[in-house]
Amino acid sequence: MPILDPTWLPLSVLKSKGSNLRFLAFKIEKILREISLISKSASGFIHACDYDQEGEVIGYNILEHACHNKYSLSKRAKFSSLTDEEIIQSFNNLLPPSQKLKDAGTSRHMIDFIYGINLSRALTNSVNKKDSPGADKKGYRQLSIGRVQGPTLAFVVEREKEIESHIFEPYWNVMADFEKNNQIIKTYYYPYRIDTKSAAENIINSCKNQLGKATDINIQKTAIKPPFPFNLGDLQKEAFRFFRFTPSYTLSIAEKLYLSALISYPRTSSQKLPSSINYEKIIKAVSNLDNNLHQNSSYGNKTKSILSYSEISLKLLANKVLKPNEGKETDPAHPAIYPTGQKPKRSLEDSEIKLLDLIIRRLLSSFGEEASSSQIIVTITVKDKFTFKAEEKKIVVEGWIKYYRPYFDLSGFMIQDSLSFLKRNDILKNVKIELLEKFTQPPFRYNQSTLLQKMEREKIGTKSTRSEIISTLFKRNYITNFVLSTAHQSVTDDSKVVSKNSPASNYQKKQPTKDGFVGMQKSGLRPTEIGLAIVNSMKKYIPNIVSTNLTRDMETQLEQIESGNTTSVQVVEKARNQIKEAIESFNLNESKIGQEISSALEVNKTTNLWRKPTSISSLGPCPVCKSGNLIVKKAVKSKKRFAGCTNYTSAKCLTTSPLPQKGTIKNVGKKCEKCNWPIISAHGINQGKRYQWEFCINSSCPLKISNNGNKKITSKQT
DNA sequence: GCAAGGTC
C-alpha cells in the first residue's frame, strides 16, 4: 500500500530497540536538547539560514521542533553574501518569517517523498518476486526512481534512441588548394554540402588546374567579452573540459577548498559578484598566492606565456574601473564563486591546486579587458560560376584571454594567418582538388558534463544535487560510461576523472570524416538494459515520472504557493491523488513491468557491458514464445553475437538466430511478411565501402529459401 | 532502503 501521508515520529519510536536508526536518534536527541536549552533563555529568535525555499524550511524545522514552536514569533535576516556590510544591513532590517516560502518548501519535501518512496518501492517489488532473475544472491535487487532521476535517465535513453534510429545519408565535399606566390590556400567548395556524387565530380572536372579569382575578401571583427564569474555549473563544465574532472568530483574538491577557507561558498547558481565583497582586496590578496600554490606542485606556471597572479593583478589594479563582467544567473543566497585570497594552512593536493588555479584565473579574467578576434573569409571563383571559400580566425586583441591562460580554448583560432596577403581580383591557380565522401551524423552521446548542462537547461534538480543524481544513476547501474578504444577496460562506474584520451570524454570532431561514423559516435553515456527497460515501462504505465512535465508542473504550483495563489494543502492533495492513480496503474500492470525489467536484468547478466551500443534494445518480439524479446547476445565460447530470446532462462525459450558479426545492427520496427520474424538493418564499412541493408533474421525463412537470398549470413552459432 | 534537498 502506498504511503500517502508521511508523518513525523516521536524520537522515542526511533530510539526503541531494534530500530536501525537507534544510534542516529540518540545523536539527534542530544543536539535537540542543547538547542532547546539555549532557546529557553533566548529573548528572541532570528532566522538567518539561506534566503531560499530550502533554507527557510531548515530554519523553520529548528524553530518549531527544537525551540518550541517559535517560527511565527521569529524574525528573518535576509542577505545573499556573507560580508560584514550585508549581514549588518540585514540585521538592521529584519523581516517577518516567510510563511509562504516555508509552505512551498515543505510541500516540495512531501511531494518528492510520496512520489519517490512509493514508486521506488513499487518498482523494487515488481522485480523481487520469487524466482526473479533480477534478484541477487540474497534474492533482492534495489531499484529507484524519482522526480529528477526519472527525467535525467530518460534524457540518456532518448538520445540513445535518436542515435539508433539515425540513417546515415551520404553527401560530398570538394576540397581544393589554390596557389599564389608559392603560398597554398586551402579552400572548400561552397556550399559545403553537395548532395550527389555526380554534381561533386562535375565541379572537380570543371575546376581542376583552372585559374580562380579572389572575388571577395570579407574581414569581420568580433568582440570577445570576458567570462562570467563561476557558478557551480560553469565550474563543473570548465573543470570537465580542461581537467576531465567529473561534476561530482569537482564539487567534492570545491567543498574541500571552501572548508579550508580558500574559496567562497561553491553551491551557488549566481554569476554575479556584489561589490560588497571588495574586489580590490581580493585581487590584491590573490597576488600573494603565487609561491604558495605553485611551489612543489606538478602544476602551475610552467611556461612564460602564463602570467603569474601578481602580474595579472598589477595590470587589473592599474585600470580605472574594477568591474567584473557578470552573467544573468542569480542566486537568492550566495554570490558567484571567488577565491578568498587566504594562504593555504595545509599542503594542497594536486587536484585542489588545479581547481583553485582555475577559480583564481577565472575571477581575475572576469575583470579583464575585452578581447577581439578577426575573421577573414576569402571567396575564390572559377569560371565565374564555381565558388570556393577559405576562412581563418585569429585573436587580434588578447585582453582578458592572457589572464585566463592556459584555460582559454584556442581551437578554431589560427596562430599565423595565411590569407591576409590576398587582395581582391588576385588570380590564383588550382593545384589540387579532391572529393570527400561524408555522412550525416547522429547527435553525440551525453557525457557527465553535457548531461548536467541538459539538466540545468531543463531546470530539474538543483545546483547542489545534479551531479549527485548522475552518480545515483551510475550506482543503480542505469547508465554506463562507454569507452570505445579500450572496450575491454570499459569504464562502467562513476569515476572521478575521465581520461582525456578516452572517447568517454566525448571528444567531438567538428566535421564527420570518411571513416568517422564508425569511431566517432560510440563514446559517452549509454543507458544499460535496466535503465532502458525502466524508462520504457514508466513511459508505458506512468509517463509522468520520466517526463519533465511533472517537475515543471510542481515548480509552477510551488511558485503559486509562494505568491499566495494557492495553498500547500491543495497542492499536496493534488500530488497525493496523482500518485494514487500512478500506483494503481502500476499495480494493475505489475507483472508486466516486473517481467520487462527482469528480462533486462537477465540481459545485463548474460552479456558484456561493452557489447555493441545498438544491442541495447530489443530486435523485436520473439516469434516463437511470443512473450519474450529477441535481443543481441554473445556466445560464451565463440564470443560471436547472435539473436536470442529473453525468456531463455525463465521460460526455456531456445529461439536463436545468427547475426552478421560486423557492423551496427538496428531494429527498424518491421516484421517479415512471410514468417513474422523481425526485420533488422545492419550497416558498417566493409573494405572501405559503406553498406546498409535490411533483412529478416530468420535463417530458415521460407522467403530466403525460395530466392536463396541473404547469402551473407552463413555463420552458424554454437 | 527507497526521493530530493540541504549540510560538514
Side-chain angles (χ1 to χ4, degrees), chain A residues 1-4 6 14 19-21 24 27-28 31 47-62 82 101-102 104-128 135-136 138-153 232 248 251-263 265-269 331-334 455 459-473 475-478 534 538 542 544-546 548 550-551 554-555 558 572 575-576 578-579 582-583 586 597:
Chain A
M1 268 291 109
I3 295 169
L4 300 171
L14 297 181
S19 157
N20 50 0
L21 294 175
L24 189 67
K27 262 177 126 174
I28 293 169
I31 297 166
H47 180 339
C49 299
D50 284 359
Y51 196 79
D52 58 22
Q53 218 175 66
E54 302 295 333
E56 190 68 24
V57 176
I58 292 171
Y60 162 80
N61 281 331
I62 297 170
L82 289 175
L101 204 57
K102 178 266 292 177
T106 48
S107 307
R108 205 274 311 147
H109 277 247
M110 196 67 117
I111 295 169
D112 276 340
F113 189 92
I114 56 181
Y115 262 96
I117 301 291
N118 287 309
L119 287 175
S120 295
R121 281 178 184 173
L123 209 55
T124 305
N125 286 339
S126 78
V127 296
N128 284 308
D136 60 17
K138 289 179 219 151
Y140 190 75
R141 174 67 155 85
Q142 181 69 55
L143 297 175
S144 69
I145 194 84
R147 178 177 54 86
V148 183
Q149 274 184 43
T152 307
L153 177 58
L232 180 61
S248 54
L251 175 56
S252 74
I253 303 168
E255 212 166 271
K256 284 197 258 176
L257 293 173
Y258 163 67
L259 294 175
S260 303
L262 299 173
I263 61 167
Y265 191 70
R267 293 185 187 96
T268 174
S269 50
D331 189 300
H334 307 281
M455 294 168 81
K459 294 196 166 34
I460 60 168
T462 69
K463 69 250 171 191
S464 329
T465 56
R466 285 183 187 118
S467 60
E468 205 182 300
I469 301 268
I470 297 175
S471 298
T472 303
L473 298 180
K475 200 170 92 192
R476 300 254 177 273
N477 194 22
Y478 289 174
I534 286 180
M538 295 303 107
I542 33 173
N544 272 341
I545 203 70
V546 286
T548 48
L550 180 73
T551 288
M554 192 190 85
E555 294 284 337
L558 296 183
V572 175
R576 205 171 270 138
Q578 279 178 337
I579 185 75
I583 293 282
F586 197 107
I597 298 170

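Proteins come first, then strands; the chains are lettered A, B, ... in the order of their sequence lines, and each starts at number 1. Everything numeric in this text was worked out from a predicted model, so none of it was measured.
- Here A:Tyr60 pairs with A:Tyr71 under the ring pair (Phe, Tyr, Trp, His ring centres under 6.0 Å) rule; sequence neighbours left out.
- Within 4.0 Å (heavy atoms only), A:Asn118 reaches no atom of the nucleic acid at all.
- Note that the first and last nucleotides of DNA chain B, 5' to 3', having any atom under 4.0 angstrom from a heavy atom of chain A are B:dG1 to B:dC8.
- As judged by a 4.0 angstrom heavy-atom cut-off over every strand, A:Gly105 is placed among residues making no nucleic acid contact.
- The backbone N or O of A:Thr548 lies less than 3.5 Å from no partner atom in the side chain of A:Thr551, so there is not a single donor-acceptor pair.
- Within 4.0 Å of A:Arg121, counting heavy atoms only, lies at least one base atom of the nucleic acid.
- Within 4.0 Å of A:Gln149, counting heavy atoms only, lie sugar-phosphate atoms of the nucleic acid but no base atom.
- The residue A:Tyr115 sits apart from the nucleic acid: no heavy atom pair falls under 4.0 Å.
- Heavy atoms of A:Ile145 sit under 4.0 angstrom from primed sugar atoms or phosphate atoms, though from no base atom.
- Looking at heavy-atom distances under 4.0 Å, A:Arg476 makes contact with sugar-phosphate atoms alone, never a base.
- The side chain to side chain contact (heavy atoms under 4.5 Å, CB included) search around A:Asp52 returns A:Asp50, A:Glu54, A:Pro332, A:Ala333, not counting sequence neighbours.
- Checked by atom type, the side-chain pair A:Gln149/A:Thr472 shows no donor-acceptor distance below 3.5 Å.
- Residue contacts shown for A:Leu123 are absent, as no nucleic acid heavy atom lies under 4.0 Å away.
- In this structure, A:Ser120 contributes its side chain and A:Gly116 its backbone to a donor-acceptor pair below 3.5 Å.
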